[in-house]
Structure formats: C-alpha cells, structure tokens
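Report on the following structure.
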Amino acid sequence: MNFSRQREIIYEQVMKYPTHPTAEEVYRSLKSDNPNLSLGTVYRNLNQLSEAGMLLKIPIADGSDRFDGRTDCHYHMICEKCRRVFDVELNCLEDIPKLVKAQSGHQITRVTLNLKGICSECLKAEQNSEH
C-alpha cells in the first residue's frame with residue numbers, strides 16, 4: 001500500500017486517538033493544518049487502511065463507524081452517555097473459535113464484541129450531579 005502524506009497523517013491521527021475516532025473526528029482534527037484535506041479523502045483512506053489490516057473498523061449499529069489503531073485481539077465498550085469507545089481486555093473469550101470448530105466445523109477468524117454501558121467518567125459525573 002502506498003503511503004501518501006494524507007494517508008500518513010490520517011493513520012497517525014487514529015493511532016494517537018485514545019477513544020477510537022469517527023471519520024468526521026479525524027477530519028476535524030486535521031483540517032486546520034491541512035486545508036486541502038477533504039472528508040471524502042479521510043473516509044476513503046480510513047476504509048483502505050482497515051481493509052489492509054492496519055486499522056480496525058468498529059461498526060456501531062446506531063452511530064458512525066469508529067477506527068482503532070490496535071489490531072490485536074481485544075474488545076470494546078461503547079458509552080451510552082458520551083458515545084466514546086474504550087478498549088476492554090477480556091481473556092474469557094479465547095476458547096470460542098475452538099468451541100465453534102469442535103461443534104460445527106466452522107473456522108472463526110476473529111471474535112468481535114461491543115459492550116454497551118456507561119464509562120467511568122460519565123458515572124462519576126452522574127454521581128457528582130446527584131450530590
């Protein structure tokens with residue numbers, strides 16, 4: 001995959017973003033320093049980077065897709081209040097591919113899991129507003 005300057009800055013922005021940005025968030029964060037950058041270019045490059053396995057695309061059923069610089073096995077928690085996406089480390093799902101293979105013969109190549117809840121910051125803000 002060729003790495004143009006625009007693709008490089010888009011990739012770098014996702015890598016330093018801790019809560020998995022949308023294409024719009026990447027665009028907004030880069031636009032002021034890169035006036036020739038278009039939203040379409042950001043979408044296209046994010047999708048190409050995810051197809052190449054360099055980024056993980058996180059489909060969000062009731063919102064915009066998010067992008068993650070971590071491509072290793074991990075899971076996500078989506079906050080129902082602030083809509084941010086957080087990494088969650090769970091070892092309890094490691095046996096799923098083996099179990100599915102043994103029961104059905106299907107080969108699982110990746111297990112994805114999106115949990116929904118309320119992040120610690122939003123919980124803290126709720127508790128402070130109740131007092």
Side-chain angles (χ1 to χ4, degrees):
M1 166 180 279
N2 292 335
F3 246 72
S4 67
R5 176 69 185 134
Q6 287 183 330
R7 183 169 292 156
E8 184 178 334
I9 62 171
I10 291 166
Y11 177 75
E12 288 171 358
Q13 186 64 25
V14 173
M15 295 301 288
K16 68 181 181 183
Y17 208 98
T19 54
H20 314 329
T22 64
E24 291 86 1
E25 289 170 333
V26 171
Y27 172 74
R28 282 194 311 265
S29 66
L30 295 173
K31 182 63 177 167
S32 63
D33 292 334
N34 302 278
N36 294 330
L37 186 67
S38 72
L39 182 56
T41 297
V42 172
Y43 271 107
R44 185 172 49 261
N45 279 279
L46 288 172
N47 284 315
Q48 289 172 347
L49 288 163
S50 67
E51 288 169 11
M54 296 179 71
L55 295 177
L56 181 63
K57 185 177 186 176
I58 307 166
I60 307 294
D62 53 354
S64 298
D65 292 340
R66 301 282 185 144
F67 294 88
D68 188 353
R70 279 187 62 189
T71 58
D72 63 314
C73 185
H74 68 285
Y75 309 98
H76 298 99
M77 197 285 291
I78 304 161
C79 180
E80 295 173 324
K81 299 279 185 185
C82 67
R83 311 297 301 153
R84 291 182 297 167
V85 179
F86 299 89
D87 289 334
V88 176
E89 307 298 331
L90 291 172
N91 295 328
C92 61
L93 303 176
E94 292 174 347
D95 291 336
I96 288 176
K98 289 182 263 182
L99 293 169
V100 170
K101 180 79 170 171
Q103 290 179 357
S104 66
H106 303 306
Q107 182 162 348
I108 303 301
T109 57
R110 183 172 189 92
V111 176
T112 59
L113 175 67
N114 288 340
L115 304 163
K116 286 194 171 187
I118 301 172
C119 73
S120 59
E121 291 177 31
C122 289
L123 282 172
K124 200 176 294 180
E126 278 183 3
Q127 290 171 349
N128 289 339
S129 69
E130 291 174 1
H131 296 294

* Can you find a pair of side-chain heavy atoms, one from Q6 and one from N34, that are under 4.5 Å apart? -> no
* Do C119 and R84 have side-chain heavy atoms sitting under 4.5 Å apart? -> yes
* Find out whether N47 and K57 are in side-chain contact, i.e. whether some heavy atom of one side chain is under 4.5 Å from a heavy atom of the other. => yes
* **Separation between SG of C82 and CD1 of I118, rounded to the nearest 0.5 Å** => 10.0 Å
* Asked: Would you find more than 12 non-hydrogen atoms of other residues, nucleotides or ligands less than 6.0 Å from K124 atom NZ?
  -> no
* Side chain to side chain, Q13 and I10, heavy atoms closer than 4.5 Å -> no
* Asked: Listed by chain and number, what are the salt bridge (Lys or Arg N to Asp or Glu O under 4.0 Å) partners of R5, not counting sequence neighbours?
  -> E8
* Under a 4.5 Å side-chain heavy-atom rule over Ile, Leu, Val, Met, Phe, Trp and Tyr, are L46 and I58 clustered together? -> no
* Which value, rounded to the nearest 0.5 Å, describes the distance between Q127 atom CD and C122 atom SG? -> 11.5 Å
* Structure fact -> CG of N45 to OG of S38, rounded to nearest 0.5 Å, is 9.0 Å
* To do: Drop me the distance from L56's CG to H74's NE2, to the nearest 0.5 angstrom.
  => 6.0 Å
* Asked: If two hydrophobic side chains count as joined below 4.5 Å and joins carry through other members, does M15 share a cluster with V85?
  -> no
* CG-CG distance between L37 and L30, expressed to the nearest 0.5 angstrom -> 6.0 Å
* If you group Ile, Leu, Val, Met, Phe, Trp and Tyr whenever their side-chain heavy atoms sit less than 4.5 Å apart, what else falls in with V111? -> Y75, M77, F86, V88, L90, L93, I96, V100, I108, L113, L115
* Structure fact -> CD1 (I60) and CG (D65) are apart, to the nearest 0.5 Å, by 7.5 Å
List the atom pairs, with distances to 0.1 Å, where a side-chain N or O of residues 16-28 and a protein N or O form a donor-acceptor pair under 3.5 Å, not counting sequence neighbours.
| residue | atom | partner | partner atom | Å |
| --- | --- | --- | --- | --- |
| H20 | NE2 | D87 | OD1 | 2.7 |
| T22 | OG1 | E24 | N | 3.4 |
| T22 | OG1 | E24 | OE1 | 3.4 |
| T22 | OG1 | E25 | N | 3.1 |
| E24 | OE1 | Y43 | OH | 3.4 |
| E24 | OE2 | Y43 | OH | 2.2 |
| E25 | OE1 | T22 | N | 2.9 |
| E25 | OE1 | R66 | NH1 | 3.4 |

* Structure fact -> Here the pair of heavy atoms bringing S129 nearest to E126 is OG-O, 2.8 Å
